[in-house]
Amino acid sequence: MTYTFTTNDFLLMVQGAGITFLLTIIAGVIGTFMGFLVGWARTTKNAVFYYSLGAYVDIIRSIPLIIQFVLFNSFMAIAGYPMDPFISGIITLSIYISGYVAEVVKAGIESVPDVTRKAARGLGMTYYQDFFYVVVPIGMRTVFPSWTGLMLGLMKDTSLIAVLGATPPELLRSSQIIINRIQEPLMILLGAGAFYFIMCYVITHFAGRYEKIWQQKRQAAL
Amino acid sequence: MNVNRIFKHLSLPIISMLLFSANTSADKLDDIIAEGEIKCGIMLDVPPVGMRDNDNNPIGYDVEFCRDMATALGVEAIIVETPAPDRIPAILSGRVDVGVASATNSLERAKSVAFSIPYQIWDVGVAVAADNTTISSYEDLKGKSIGTVRGTTGEVAFLNDLEKWGEGTSHIAYGSNAEQFLALSQGKVDAIIESTAIFGEYAKGKGKDKIKVCCSVTTAPADWTGLMVKRGDQGLLNWINLFVWHQWKAGRTDELYRQWFGYPAPNMAYPGIHGY
Amino acid sequence: MFEYTFQWRVVWKHWPQLLEAGLLTLQLTILSIIIGLVIASVLAVFRDSSNPFAKYLSVTWVALARNTPALLQIYMAYFGLGAFGIHLSPYTAVLGAVAFNNAGYLAEILRGGFSTVPASQKFAARGLGLTATQSYIYITLPQVLQAVFLPIVNQVIWAMLATSLGMIIGLQELTGMTTFLQSQTFRPFEFYFVAACMYLVIAKIATMLAQIVAAHMFKGGADK
């Protein structure tokens, strides 16, 4: 056994970064889809939807993710449906991020002026046509930066899945594995931080560029 | 006629029980043998009982203990990593058959899961920086700052004493050994309390010549740990108890102690009493 | 399905400890937000400052706070500074790190809020004889705070969640206490469930406090 940082360890961290990315994408896609439905349902003037889903969003956003992981995992366990921690982790992450996405989606839909929607309906569009061809394109563009911010937050939050010991290990967990062996927590965590920073930075950069192209297109269209 | 009728009524449930209950037979031990594998829940962040080698394969005292158990059963050992908060859910849900996680066999915990007879005893000690000359006994900790790992048995014993000692002594509960060691090396705490085996492993690598074990925690010098199974799995528990006994009798426990802790296995029967 | 028997009495027995830890979480949340807001209002101004150093400081702070995990920030405040001989207590380290993080996010939120205040107001204030600082504190900032009230409330909740990471460096806040108690009793589900409920209550209290403060500051304008 060696007690120093090896090439193998570096590869483990790179693999961890890959898993972090994968977790972010899977939970991001599922969570965005769920959050979209929840956010949409909350804008329809149905009081049952509004309050029950409002409670859902509120609860999810007020409980630390670590506790959500442990609770969901142990609840499924004692209910007699044991799950692989990786799977239960992905489900928890998806539910967790859906609460945040729902708020953003709701804000996006509400940002579309009533006049616009009435005009669309006046042109003979059905509710769904209005929603998908008018509200979604305009509203989602408004909240795109907030959504990107959520996904960045999600990427950092995936690290908390470490509490379940899910395998394969994501970035923070693989860092912890190395720390346990070589006992250099400061250096390793700084390295992990650099990984996160780079990944976040790259995404922010591309999101920013995407937004610019969007704006240019819109200006060209006007 | 009557008998026939009764038989007729009974036969269907009995036959269906025989047919369909193969997977949920009365005893977990049967399931393990039938499936040909035993799933051990092990903490892999507690060197030297559970850790990972250079290639990230699980190794350690607990890992080998599980493999020995599998060999004795004639089945394959499946190592499932269970961090502290997941240990109990994993056992309760049957995701693991037995918890091999160096868990102290406290009466409070035994209300939740069943413990085997002791399979491993930790010495609980106090470690200080190698050049420390002011702390040479457990009593010397009065008025100092002490770091522990949250939820460990050493911590619980220390907390009891801390209450008696009164003001002046400070205590910080860290998340894991890594933080505890770092805090000692940075001088954030004067002493740390943990199992001496954990200190020993640390002293092999990063902590070489940096720490020394000064003394044992006099109020709780030893931490008796047991294997854990679901409270109702009595048949499995019986087998495991006998296995732990045989493991000792065959000298294998001693071998594992020398290999992972670097010293011979201590006496695992508490003086003056039978059983645990 | 449920072979498990829930045991709630054991949680009740440890209720005083949980309550104490919960109050610590609440206290940290409120303090970290107040400190974060103060720093953020400075950072937001620095961002558009002509002084390159001030601008650079602001940009770096925001990028670091937003793009690295909160766990790392807490770790650095405690052990990172410790490597240079600066020893903070776990409490100070967590408070500092969460405030650092809050400041980064809040600065961006405030900056977004600035766009809602027309520049003409600033000129008017200056014309009335207010200094630049006075006009910022009395005219611009209150309006910005009003515009960004909701995102700030979200940040309050986020700050509360972040304090839970303090348990790693030795803070006995709600998550740390829960972890300790469950390891003693081996009743993870019961303890984490109660902790989750407590977080919900703390979040509600913190949000309500924010609303009361806002109502006072903006004379009821915030919940329009």
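The figures here come from the full heavy-atom set of this structure, side chains too, leaving out hydrogens, waters and symmetry mates. Order of the sequence lines fixes the chain letters, A, B, ..., with proteins taken first and strands second; residue numbering starts at 1 for each chain.
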Task: Ion pair check, C:E108 and C:R111, cut-off under 4.0 Å - done: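 Judged by the 4.0 Å cut-off on N to carboxylate O distance, C:E108 and C:R111 do form a salt bridge.
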
Please state whether the side chain, the backbone, both or neither of [X] comes within less than 4.5 Å of a heavy atom of chain C.
| X | result |
| --- | --- |
| A:L189 | both |
| A:L190 | both |
| A:F195 | neither |
| A:I203 | neither |
| A:D58 | both |

Option in A:L65, A:L71, A:N73, A:V70 with maximal non-hydrogen atom pairs under 4.5 Å from chain C
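Among the listed options, the one with the most contacts to chain C is A:L71.
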
If you tally heavy-atom pairs under 4.5 Å against chain C, which of A:L152, A:I59, A:I198 wins?
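Highest number of heavy-atom pairs under 4.5 Å: A:I59.
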
Could you tell me which portion of [X] (side chain, backbone, both or neither) has an atom closer than 4.5 angstrom to a non-hydrogen atom of chain A?
| X | answer |
| --- | --- |
| C:L150 | neither |
| C:M76 | side chain |
| C:Y105 | side chain |
| C:L71 | side chain |
| C:S164 | side chain |

Check: C:N102 main-chain N/O paired with C:W158 side-chain donor or acceptor under 3.5 Å
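No: the side chain of C:W158 does not pair with the backbone of C:N102.
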
**Asked** Is a side-chain donor or acceptor of A:E170 paired with a backbone partner of A:R173 at a separation under 3.5 angstrom?
**Response**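 Yes.
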
Among C:L165, C:L88, C:L171, which residue satisfies the side chain to side chain contact (heavy atoms under 4.5 Å, CB included) criterion with C:V94?
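Single pass found, and it is C:L171.
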
If you look at every heavy atom in [X] and [Y], which pair is closest and at what distance?
| X | Y | value |
| --- | --- | --- |
| A:G193 | C:L72 | CA-CD2, 3.5 Å |
| A:L93 | A:T158 | CD1-CG2, 3.7 Å |
| A:F72 | A:S88 | CD2-O, 3.8 Å |

#### Entry: Within the 6.0 Å centroid threshold, strictly below: C:F193 and C:W8
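Under 6.0 Å, so yes.
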
